[in-house]
Amino acid sequence: IYNKDAAASKSITYSGVTKSKIYKIKKYLTITAKKIKKKVSVTRNGKTFKDTDYYEKDGKLYDNVYNKFAFVKDGKYTVKTTLVNGAVKSTNFTVDKTKPTTNMKAKTYKKKKAGYKITFKDATSGVKSATLNGKKIKSGKIVKNTGSYTLVITDKAGNKKTVKFKIKK
């Protein structure tokens with residue numbers, strides 16, 4: 001079905017994503033392997049969500065393979081390609097289109113002795129930075145003083161969540 005040169009080739013190319021990179025938009029990954037049938041397994045957050053055994057169309061196995069996958073959902077992806085000659089290549093990347101989350105709302109809070117504990121997180125790529133009125137803070141920061149506040153949380157993909165709130169007597 002395939003020729004000797006193709007069987008000896010170990011060339012697998014991924015295009016459209018860079019290994020270990022974090023993206024804030026959906027990404028397309030194209031896998032090419034010269035004249036060789038292959039198996040591709042894809043996992044999102046450690047769970048297999050697509051496993052196609054030797055790309056088949058209309059009951060035929062294809063030697064010239066051009067496969068394009070769309071990665072739309074947030075998650076940490078690993079793509080592993082296996083050629084029929086045993087060559088294996090894998091890559092990983094993250095798609096995170098969702099802003100970080102916080103417990104703080106855009107409203108006026110009534111001052112309380114214990115203050116307000118600001119918490120935030122980003123489930124997919126993680127928090128890169130957070131500032132409160134321009135000063136870096138960590139999740140768990142307690143705010144007690146009256147005033148106007150701007151909380152800006154940025155995840156590792158570059159998604160930003162901004163919350164403006166006040167604490168009044």
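Everything quoted here is computed from the prediction, not taken from an experiment.
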Results of side-chain hydrogen bond (donor to acceptor under 3.5 Å, both in side chains) for Asn92 - residues two or more places apart only: Ser20
Any residue meeting side-chain hydrogen bond (donor to acceptor under 3.5 Å, both in side chains) with Thr108, in chain and number order, not counting sequence neighbours: none
Lys80 atom NZ: more than 12 heavy-atom contacts under 6.0 Å: no
Min side-chain heavy-atom separation Ile118-Leu132 under 4.5 Å: yes
Interatomic spacing from OG1 in Thr94 to CG in Asp74 - rounded to 0.5 Å: 9.5 Å
Qualifying residue, where the test is side-chain contact (heavy atoms from CB on, under 4.5 Å) with Lys76 and the options are Thr43, Asn45, Val95: Asn45
Test item: side-chain donor near acceptor, Tyr14 and Thr81, under 3.5 Å: yes
side-chain hydrogen bond (donor to acceptor under 3.5 Å, both in side chains): pairs with one or both residues in residues 117-128, sequence neighbours excluded: Asp96-Ser125, Asn103-Thr119, Asp122-Ser125
side-chain hydrogen bond (donor to acceptor under 3.5 Å, both in side chains) pairs, two or more places apart, involving residues 160-169: none
Residues forming a ring-ring contact (aromatic ring centres under 6.0 Å, His included) with Tyr109, sequence neighbours excluded: Tyr116, Phe165
Main-chain N/O of Asn133 paired to Thr131 side chain as donor or acceptor, under 3.5 Å: no
Minimum heavy-atom distance between Leu29 and Phe93, given as atom pair plus value: CD2-CE2, 4.4 Å
Candidate pair Val79 and Phe71, rule side chain to side chain contact (heavy atoms under 4.5 Å, CB included), full reasoning: CA-CA 11 Å; Val79 178; Phe71 295 91; 3.9 Å; yes
Reported CZ-to-NZ distance for the pair Phe120 and Lys141, which is rounded to 0.5 angstrom: 10.5 Å
CD1 on Ile153 to OG1 on Thr101, rounded to 0.5 Å: 7.5 Å
Nearest-0.5 Å distance, NZ of residue Lys73 to NZ of residue Lys97: 10.0 Å
Backbone N/O of Thr18 and side chain of Tyr23: donor-acceptor pair under 3.5 Å: yes
side-chain hydrogen bond (donor to acceptor under 3.5 Å, both in side chains): pairs with one or both residues in residues 145-157, sequence neighbours excluded: Asp155-Asn159
hydrophobic_cluster_shared for Val143 and Ile137, side chain cutoff 4.5 Å: yes
Partners passing side-chain hydrogen bond (donor to acceptor under 3.5 Å, both in side chains) against Ser90 (at least two apart in sequence or in another chain): none
Residue list, side-chain contact (heavy atoms from CB on, under 4.5 Å) with Lys144, at least two apart or on another chain: Ile142
